[in-house]
Each structure stands twice: as C-alpha cells, then as structure tokens.
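What follows is a short report on a single structure.
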Number of protein chains: 2
Amino acid sequence: MISIIIMNKTAADIFDEYLAAKGLRQTNQRRQILDAFISVKSHCTIADLYDVLKKKDPSIGFATVHRNLRLLCEAGLAQEIKIGSGKARFELTFGQSHHDHLICLKCGKFIEVFDMQIERLQEKLAEANDFLPRKHKLEIYGYCRQCR
Amino acid sequence: MISIIIMNKTAADIFDEYLAAKGLRQTNQRRQILDAFISVKSHCTIADLYDVLKKKDPSIGFATVHRNLRLLCEAGLAQEIKIGSGKARFELTFGQSHHDHLICLKCGKFIEVFDMQIERLQEKLAEANDFLPRKHKLEIYGYCRQCR
DNA sequence: ACTAAGAATGATATGCATTATCATTAGTAT
DNA sequence: ATACTAATGATAATGCATATCATTCTTAGT
Ligand SMILES: [Mn+2]
Ligand SMILES: [Mn+2]
Ligand SMILES: [Zn+2]
Ligand SMILES: [Zn+2]
C-alpha cells in the first residue's frame, strides 16, 4: 500500500472528495481499483490492471475497471495516454508533474522526460501561428540504452 | 491532375518503380487512388478518400483503398498520422519535408509547423537519456485563430 | 435497524475501425 | 492467346471501446 501525500491529502482522499462532490458512491471496487492503479507500474492498459485486480477479486468486471479508470481521469488523478495504434494506457498524475515520453521501439519501455526549453519553444511556435495551445503530446520513438 | 516533379520523377513514377521492384502490378485502382490522394487535401482518412473515389468509379472497394494507402506508405510516398482516438489519417510525404502539427480542438484544422530549435533540443534530450531517436511525434492541441 | 431510491456492478451486446478471407477478375510474361 | 498469379471487392473476423440492463449494493431518511 503506497501512499503519496500532498497537502495532507492522499489520492484516496481526493477521489473520495470527488465522488462526494458528484453525488457518486464509494465502493469496494473503486477502492481496489485506485489501490491497484497506484501500486502497479504506470502506463498500464485497462487489461493490465484488470489482470492484477482479478487475482485479488476474481469477480471484478472488466467494464468496472474501464469505467473507473475513466473516472479517475475525470477526478484529475489519472490521464490517458494513447501510444501508437495500441490500446489506451493510463498513468497516475497525482504527485507527478507534466512530462513527455521516450518510447523504446524494441522493449516498449517508457522514459519520462521534461525539457523546459522545449516547452517554451512550443508555446512560442503556437503563438507565432495565432494558435492558443491547450495541451500537447511529444513522443520520441527509438531505442533505449539496453536495446540500441 | 497535380504533378509535383522531383529529380525528374513524379509520385506516379516512384510508385511504378516501387511496384516493379516488388513484383507488384499496376492497376487502374492504384492509379486512381494515387491521383485522388494527391489532389485531395492531405490528412484524409481512408473513408474520405473512398468517398472521393466512389464518385468517379462506384465499383471501387473500401478494402482496396485501405490496402493501397498502406502500400503508398511502404513506397515512402505517404505516411499515417494517428490523431487523438479517431481514425487513421494519411498525408503525402512526396515533395514535403518533416513537420509537426497544431490541431484545432474545435474545427479540426491541421496547421503544419516546423521549428529547427525544437528538433535539435529533442535530439539532445534523447541523447541525454542514452536514447537513440528514430522518429517523433509532436502535436499541439488548442484553438486556431478562427476558433479561439 | 429497516427501507426506499437509485447508483454501481458485471455479463453481455453493440459500435466502429481495421484487417483477414476468398471467389472472381485482371495484369503480365511467355 | 494462354497460364500464372496478384489484385480486387464483398464480406467476415478481429480488437478495442463503450452501451445496455437485470441485479446488487450504497446511502440517506425514517
Ligand atoms: Mn509517464
Ligand atoms: Mn501535415
Ligand atoms: Zn528498450
Ligand atoms: Zn479551428
């Protein structure tokens, strides 16, 4: 059980508050899903998380995992990342700041990177085109140290 | 009929050479598909191109358009771009140099951009992580001049 | 504690884009 | 012209995401 605490709040606290604010209910499945998502390596697919959860509770449904990963995104705790043509992946955003990804074409590893200079140049590039940027996606595909 | 000519070769020439080299055949459909793809605004989906082609030749099949857009990619004349969660889009690479995209969240417009500084910083960022970059994807989502 | 209201779950069905299959058509070399 | 076989086009299969709906469970009110 990993617990990152920010401003005296855990991810579970924030989720509970979000549920309350929206008139949604707390359930065993929701607790299990958040716990598993936090402990599993990030960038997991729905199926990845479903497999982990099934071991503890074989009755859990795929649809429930799917729905609640979406809900975690709505609550601001997770975000979906679409890589290549594969399935949707999710990563925890709680306790993490914005970053981009280097993705290994051989082993599939994700390396998280951030470059303030690039971020600023992107802003400028948008501005130069009369474009109001809201979000961006920078993915560099290639080979990691182990695979090059 | 638009004809960009590079080193005395049109896109059709290159396609024909690719087909010959691979022992593949020239067909009316292949000629029609390349022509339509060149004349249509880029960033089109398979369905977009299929609709255009159907008007000239109602007997053409969706699968044929699909297969041959893929083939154009193999031949180095086109490339697939996956945006958001929607369908695959294709753009002509013949006569075009590398660029990234600003994508309007409202009207869906693609603005093509290039920033050599960003390109170089990406190389550096990869290198700093012992990563051998092969290709990258930079997409900035936001609102264009008309939609902001 | 009991109950009513309705949100959540999980099995299954549906939707949608992509890709495979296969009988038929058509391009190419001889 | 013929034989060979690649390409086509209709259709089926696949993969993933999402919708549906009967049943279960959470929660607020008594
Ligand atoms: Mn990440
Ligand atoms: Mn483009
Ligand atoms: Zn690797
Ligand atoms: Zn716009």
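Side chains included, hydrogens not; waters and symmetry mates left out as well; all remaining heavy atoms used. Chain naming here is simple, since letters A, B, ... match the order of the sequence lines and numbering starts at 1 in each.
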>> If I take atom NZ in residue B/Lys87 and atom C1' in nucleotide C/dG15, what distance separates them, rounded to the nearest angstrom?
In response: 12 Å
> Over how many whole Å does the gap from B/Leu19 atom CG to D/dA7 atom P extend?
Replying inline: 8 Å
>> Heavy-atom nearest nucleotide on DNA chain C for B/Arg89 versus B/Asn28: which residue maps closer to 5'?
In response: B/Arg89
>> Just verifying a value: how many Å separate B/Arg89 CZ and B/Ile83 CD1, rounded to the nearest 0.5 Å?
In response: 8.5 Å
> What is the distance, rounded to the nearest whole Å, between atom CD1 of A/Ile46 and atom P of C/dT9?
Replying inline: 14 Å
Which atoms of nucleotides 9-12 of chain D (N or O only) lie under 3.5 Å from a protein N or O atom, and what are those distances?
| from | atom 1 | to | atom 2 | distance (Å) |
| --- | --- | --- | --- | --- |
| D/dG9 | OP1 | B/Gln29 | NE2 | 3.1 |
| D/dG9 | OP1 | B/Ser59 | O | 3.3 |
| D/dG9 | OP2 | B/Gly61 | N | 3.1 |
| D/dG9 | OP2 | B/Thr64 | OG1 | 2.7 |
| D/dG9 | N7 | B/Arg67 | NH2 | 2.7 |
| D/dG9 | O6 | B/Arg67 | NH1 | 3.2 |

> Once you round it to whole Å, what is the distance between C1' of D/dG15 and NZ of B/Lys82?
Replying inline: 11 Å
>> Using a heavy-atom cut-off of 4.0 Å across all strands, would you classify A/Ala47 as base, sugar-phosphate, or nothing?
In response: nothing
>> Holding to side-chain hydrogen bond (donor to acceptor under 3.5 Å, both in side chains), I want the full list of residues that pass it with A/Lys109, two or more places apart in sequence or in another chain.
In response: A/Gln146
>> Under the rule for ring pair (Phe, Tyr, Trp, His ring centres under 6.0 Å), what residues qualify as partners of A/Tyr50, not counting sequence neighbours?
In response: A/Phe62
Enumerate all atom pairs, one protein N or O and one N or O from nucleotides 27-30 of chain D, separated by less than 3.5 Å.
| from | atom 1 | to | atom 2 | distance (Å) |
| --- | --- | --- | --- | --- |
| D/dT27 | OP1 | A/Gln26 | N | 3.0 |

> Does a side-chain N-to-carboxylate-O contact under 4.0 Å join A/Lys9 and A/Glu17?
Replying inline: yes
>> Under the rule for side-chain hydrogen bond (donor to acceptor under 3.5 Å, both in side chains), what residues qualify as partners of B/Thr27, not counting sequence neighbours?
In response: none
Going by atom type alone, with no hydrogens or angles, which donor-acceptor pairs under 3.5 Å involve a side-chain atom of residues 121-129 of chain A and a protein atom two or more places apart or on another chain?
| from | atom 1 | to | atom 2 | distance (Å) |
| --- | --- | --- | --- | --- |
| A/Gln122 | OE1 | A/His136 | ND1 | 3.3 |
| A/Asn129 | ND2 | A/Leu125 | O | 2.8 |

> Phosphate oxygens OP1/OP2 of C/dA8: is one of them under 4.0 Å from a side-chain N or O of A/Asn68?
Replying inline: no
>> Nearest whole Å is fine: how far is C/dA8 P from A/Glu74 CD?
In response: 11 Å
> Rounding to a whole Å, what distance do you find between B/His66:NE2 and D/dT14:P?
Replying inline: 17 Å
> In terms of side-chain heavy atoms, does B/Glu139 have a donor or acceptor partner in B/His101 at a distance below 3.5 Å?
Replying inline: no
> C/dA17 C1' sits how many Å from B/Ile83 CD1, rounded?
Replying inline: 16 Å
>> Between A/Gln79 and A/His98, do the side chains contain a donor N or O and an acceptor N or O under 3.5 Å apart?
In response: no
>> Tell me whether the count of non-hydrogen atoms from other residues, nucleotides or ligands lying under 6.0 Å of CZ in A/Arg148 goes above 12.
In response: yes
